[in-house]
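Letters A, B, ... are given to chains in the order of the sequence lines, protein chains preceding strands, and every chain is numbered from 1. In what follows, every heavy atom counts, from backbone to side chain, and hydrogens, waters and symmetry copies are set aside.
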Amino acid sequence: MDKDAFLARVDRYHRDGWRLAIINTTSILPAEGMDGGAFDISWSFASDQLIEHVRERVLPGEEVPSISTSFGAAFLYENEMRELFGVNVTGMALDLKGQLYQTSTIVPFAPSAIRARLDALGRGDPAPKHEAGAKKA
Amino acid sequence: MKRTVVPMGPQHPVLPEPIVLDLVLEDEKVVDAIPTIGYIHRGLEALVERVEYTEFGYVVERICGICSFMHGMGYAVAMEEIMAVEVPERARWLRLIWAEMSRIHSHLLWLGLGADAFGFENLFMHCWRTREEVLDIFEKTTGGRIIFSVNRIGGVRRDISDTELAAIVEKLQQLGAGFAATARIFETDPSIRHRLSGVGILSREDAHAVDAVGPMARASGIRMDTRLTGTHLYDRLDFEPVLETAGDCLARVVVRVREISQSIDLIRQAVDRMPKAEGAPIEVKVRGLPTGEVFERLEQPRGEVIYYIKANGTKYLERFRARTPTFANIPAMIKLVKGCDLADVPNIIMTIDPCISCTER
Amino acid sequence: MANPFNLPMVGRSLRNLLSRPATRRYPSETRPHFAGTRGTLEFDLDTCVFCGLCARRCPTVALTCSREERYFAIEQLRCIACGVCIDLCNKDSLRMSVDAPHVHLHTGAAPGDPRPGHQEWHQKPPDGSPPVPGDAAGGTAAAAV
Amino acid sequence: MPMSLFKRSPWILHYDGSSCNGCDIEVLACLTPLYDVERFGVVNTGNPKHADILLVTGSVNERNIEIIQNLYRQMPDPKVVVAVGACACSGGIFARAYNIQGGIDQVVPVDVYVPGCAARPESIIDGVVSGIAALEQKRKRSA
């Protein structure tokens, strides 16, 4: 991701008085040409009735700058991102150092962890479509 | 000055649910607070891998036992958007009515817990006694007291007859009239004023800076309410959010007290304006597999909730995410706790109306 | 200094003293149940055709159904009373009751001990071989209060 | 057994495991005017050393195993554990979630299971009453 352009865009939202609505991460499972999977991170900003999303695709280990200097509430989302997904967020205003959730599984939502759980269930991805059709009978 | 760290929680008399705050004290003043959660973390969002999208709504409902209706509704609405389902109008009205009833029940519950936190047990009992009447209506119409399982993708599972609706409005208005006396106590009792007035002030600017939502933001004078977007039929009702400007604990109590009467009025309006169409369809059959993604916003009793759903054309969703109002209000809580007296911490924590099981999912 | 005579709670408290208590004297006095209240899942062996639809769609995996063995089981401790199975059942073999015992006692920790809340049913196989020993009538371990 | 026959007042320690809140508020509802368990002498205490009955709602996850064991260990004998709600009994709908170990019988011995999602106040009262009976049995056995 282009960090400078991203931070400039976030800063514009901040200056225009938008508030941070949600930062959401989705894991993209490992696939051809993307062995470690990836993360789709979207930062959503709201102003009155409007909501806009900034989306970036980052690879595991890639540095994601924190926006907690402009949006104070971001630190909670960012700690969560790091703890549950293993996203490498840098420069958080309040770094909880992995003490937020303390899950039994390390980074349970990381692409590799999801892959491992799906494999244990014996499910390839995507799930075969005929299976769903058969259930309707 | 010597600094002391006092861990508060996970089991603490004022906290109904486990959360830990490491309070850094200088004498009696709190200078810092570090939150730790995770005692209720279940990993609910990862259950999308195991529960099919048709049944996942029942998992979503169990994010929280207080706003369970809203969670079920949010999931259903979001899935309907992904699958481009046109929901029968009657189902949408019924959802609105149940949603506003959830608000009444949640606020009454919170007012009780809040009263208990500032040492007014008598009021706690009063609020919960009133709340039981709302629960009775819920049980009669949905079959459950706390978890309703009444939402389904494509509509709702149960209808309420028109006579029943009229009876509900009448019952709620009686409840509102009876509650007015209790409401007056909250607003005027000198002991409550002493305890809450001027405590934990969140200014308008701060509320904006920490992205507070719901009654928390409205008590600081921010006109913010997802119902204003007019989705979920709120555009057909006359609605103006309850605002207070003081931003202290008392303002947050008063906002919730007044929102109870507002919700009763919204239900009355809804019953007046919905078509009298008993027996009209309340559900459409949903077939096929969902593809796409959606962000869905809803105003819960505690504030704005956002659902994100990504579906990839299989019967299992790829990602489900709920950003619950308490999650958004925790930065505000930390902001408020810093600089207050240790004895005020329980009140401040309570007035954000924390729902930890929502926060941790 | 606030007005010491401003005591809005007093009226309320006096009224409470004079009015009837709100408490329902459970268990001697039970709350009337509304029609359609969800409760404990009940199964009717006679109508079931063992299609297994309910067991496949149960979000908590509380139901087990085997067409070959003509076997059906409910884990009452897992059931969340969502009603998915009841909606799916074409034969109306499942329903909810609020009168069933609501408490299950611990029944022992040895491997052979019945599991609390586990109910199972076996149907006589169609070929006429003797039914599986056990109880065709119903639950094994639902201890009532 | 009618409640009036109980000679002792059991004190309850309520702990919220990984519950959704639903059962917790139903436990609290038992204390409020409509159900009012205090008329049986049942007191909700916050101190494990004062408690006879441990009432747990919600399932067990990695983090609260220790806390539940700690609370149980600190309670004086004889003691009884009541699991309230589907989650406490078996893990319920969350049994298959990655962070959940299952019902609380994975951690401490459970005497009474109260199923339901959420468990109704009537069921919780029944559960507590069965807990009292179990407590009496244990007391006799140890006497």
What residue in B:T231, B:D211, B:V20 has the most heavy-atom pairs under 4.5 Å with chain A?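 Going by pairs under 4.5 Å, I would pick B:D211.
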Top contributor to chain A contacts, counting heavy-atom pairs under 4.5 Å, from B:K335, B:R223, B:E45: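 When all of B:K335, B:R223, B:E45 are compared, B:E45 has the most.
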Pick one of side chain, backbone, both or neither for [X], based on which atoms fall under 4.5 Å of a heavy atom in chain A.
| X | value |
| --- | --- |
| B:A46 | both |
| B:I222 | neither |
| B:T324 | neither |
| B:F295 | side chain |
| B:L228 | both |

Kindly determine whether B:Y316 and A:L118 satisfy side chain to side chain contact (heavy atoms under 4.5 Å, CB included), including the steps that lead there. CA-CA 11 Å; B:Y316 296 101; A:L118 289 179; over 6 Å; no
To the closest 0.5 Å, what do you measure between [atom1] ([X]) and [atom2] ([Y])?
| X | Y | atom1 | atom2 | answer |
| --- | --- | --- | --- | --- |
| B:R321 | A:T26 | CZ | OG1 | 9.5 Å |
| A:I22 | B:Y308 | CD1 | OH | 9.5 Å |
| A:F71 | B:H208 | CZ | NE2 | 7.5 Å |
| A:N24 | B:F320 | CG | CZ | 10.5 Å |
| A:I51 | B:E296 | CD1 | CD | 10.0 Å |
| A:L84 | B:H41 | CG | NE2 | 5.0 Å |

Is chain B contacted by the side chain of [X], its backbone, both, or neither, given a heavy-atom distance below 4.5 Å?
| X | result |
| --- | --- |
| A:Y77 | both |
| A:H14 | neither |
| A:S44 | side chain |

Salt-bridged, A:E80 to B:R323, with N to O below 4.0 Å?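 Not counted as a salt bridge, because no side-chain N and carboxylate O are separated by less than 4.0 Å.
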Does A:T25 offer a backbone N or O that forms a donor-acceptor pair with the side chain of B:R319 under 3.5 Å?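 Present.
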Please lay out, stage by stage, how A:L29 and B:E318 fare under the test side chain to side chain contact (heavy atoms under 4.5 Å, CB included). CA-CA 10 Å; A:L29 291 179; B:E318 189 171 331; 6.0 Å; no
